[in-house]
Protein chains: 2
Amino acid sequence: MKRTLQHIEYREDTEELARFAKALGHPTRIAILRHLESQACCFTGDLVDVFPLAQSTVSQHLKELKNAGLIQGEVKPPKVRYCINQENWNKAKILFNSLFNHTRSYSLDTKQSEDKHADKTN
Amino acid sequence: MKRTLQHIEYREDTEELARFAKALGHPTRIAILRHLESQACCFTGDLVDVFPLAQSTVSQHLKELKNAGLIQGEVKPPKVRYCINQENWNKAKILFNSLFNHTRSYSLDTKQSEDKHADKTN
DNA sequence: ATTTATTATCGCAAATGTACGATGAATGAT
DNA sequence: ATCATTCATCGTACATTTGCGATAATAAAT
């Protein structure tokens with residue numbers, strides 16, 4: 001693998017934002033998080049019932065969300081109750097916010113540039 | 001591949017949010033977007049100078065960002081000037097906002113649950 | 001001690017992602 | 001017409017992701 005040569009070191013918040021984004025980069029995981037937001041918490045089995053996916057697949061998505069820090073699991077034998085990890089959820093919220101709200105003053109008067117740029121490279 | 005059996009149809013905004021998130025799921029692409037935000041627009045070559053990556057690699061990341069709709073390119077031969085696609089950037093901003101701000105009233109009084117849940121499953 | 005319920009993990013297969021160098025395409029300049 | 005510049009695309013190699021079924025792990029209940 002040639003990528004070993006190039007493991008760029010980015011700012012920590014850049015890495016962290018990318019990790020969060022990556023975890024959010026699958027519709028099933030977005031849906032799981034939406035579910036957790038609306039239901040407060042729920043068990044793995046509840047999610048398996050909601051999504052037409054194998055239990056192992058749901059479990060794997062939960063693992064990824066947990067590894068990214070977006071959710072946390074509490075063992076209630078023989079079940080596991082998953083909830084959003086509020087601390088990291090807030091962190092992610094702040095990071096995404098700062099990405100999208102790096103306000104650029106001219107962004108309000110660039111109507112003409114939007115027209116000009118349209119599909120020139122497609 | 002067995003996944004062919006399971007191509008779940010999600011709500012369109014779920015799919016779209018996941019697409020945006022996926023495009024943001026790599027630190028180089030976050031850094032490119034940050035650069036575009038601060039510099040307004042810039043040419044491919046400028047980015048190649050900034051990142052210690054092959055030109056083809058940078059080009060590939062730009063392609064993904066363009067496919068996701070987050071940036072757009074304007075041909076200025078022999079260069080190409082890339083800018084953030086404000087329309088979709090706003091759309092993404094709104095989608096991420098709605099994900100993170102599905103306010104849950106009890107989220108302010110769950111101090112004890114945060115303590116209880118801590119690392120039970122690791 | 002065995003059984004039951006629930007979930008995580010393993011191993012597999014296919015697809016996708018990430019990096020590179022080499023090549024091709026487009027346009028302006030000579 | 002040829003050359004130089006810039007960028008996209010192709011082909012390759014390896015890693016990671018995503019899905020599944022099968023199996024292991026855990027703890028309560030019998």
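Note on naming: letters A, B, ... go to the chains in the order of the sequence lines (proteins, then strands), and numbering restarts at 1 for each one.
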Could you state the atom-to-atom distance from CG of A/Leu65 to C1' of C/dT7 in whole Å? 16 Å

Tell me the interatomic distance from A/Glu64, atom CD, to C/dT7, atom C1', rounded to whole angstroms. 17 Å

Of all the choices, D/dC20, D/dT18, C/dG28, which nucleotide is nearest to the side chain of A/Ala54 once you look at every atom? D/dC20

Pairwise side-chain contact, A/Pro52 with B/Ile8, heavy-atom cut-off 4.5 Å (strictly under): yes

Between the protein and nucleotides 5-10 of chain D, are there any N/O to N/O pairs under 3.5 Å, and if so, what are the atom names and distances?
from: D/dC7; atom 1: OP1; to: B/Thr44; atom 2: N; distance (Å): 3.4
from: D/dC7; atom 1: OP1; to: B/Gly45; atom 2: N; distance (Å): 3.4
from: D/dC7; atom 1: OP2; to: B/Gly45; atom 2: N; distance (Å): 3.0
from: D/dA8; atom 1: OP1; to: B/Tyr82; atom 2: OH; distance (Å): 2.2
from: D/dA8; atom 1: OP2; to: B/Ser59; atom 2: OG; distance (Å): 2.5
from: D/dA8; atom 1: O5'; to: B/Ser59; atom 2: OG; distance (Å): 3.4
from: D/dA8; atom 1: N7; to: B/Gln55; atom 2: NE2; distance (Å): 2.8
from: D/dA8; atom 1: N6; to: B/Gln55; atom 2: OE1; distance (Å): 3.1

Using whole Å, report how far NE2 of B/His26 lies from P of D/dT16. 11 Å

Salt bridge (Lys or Arg N to Asp or Glu O under 4.0 Å) contacts touching residues 43-63 of chain A (sequence neighbours left out): none

To the nearest angstrom, the NZ-P distance between A/Lys22 and D/dA15 comes to 14 Å

Contact residues, residues 9-21 of chain A to DNA chain D [heavy atom, < 4.0 Å]: none

What is the distance, rounded to the nearest whole Å, between atom CG of A/Leu47 and atom P of C/dA8? 10 Å

Is it true that B/Phe96 and B/Phe20 have ring centroids separated by less than 6.0 Å? no

Do we see a donor-acceptor contact under 3.5 Å between the side chains of A/Lys93 and B/Asn101? yes

Using whole Å, report how far CG of B/Leu53 lies from P of C/dG21. 11 Å

Short side-chain N/O contact from B/His61 to OP1 or OP2 of C/dG17, under 4.0 Å: no

List in chain and number order the residues that pass side chain to side chain donor-acceptor pair (under 3.5 Å) with B/Glu9, two or more places apart in sequence or in another chain; answer none if no residue qualifies. none

How would you list all residue pairs meeting ring pair (Phe, Tyr, Trp, His ring centres under 6.0 Å) that involve residues 33-53 of chain B, not counting sequence neighbours? none

Output a table of donor-acceptor pairs, distance under 3.5 Å, between side-chain atoms of residues 53-61 of chain B and any protein atom two or more places apart or on a different chain; print 'none' if there are none.
from: B/His61; atom 1: ND1; to: B/Arg29; atom 2: NH1; distance (Å): 2.9

Gap between atoms CZ and P, on A/Arg29 and D/dT17 respectively (whole Å): 9 Å

Are B/Glu37 and A/Leu99 side-chain neighbours, meaning at least one heavy-atom pair lies under 4.5 Å? yes

Can you find a pair of side-chain heavy atoms, one from A/Arg34 and one from B/Thr14, that are under 4.5 Å apart? yes

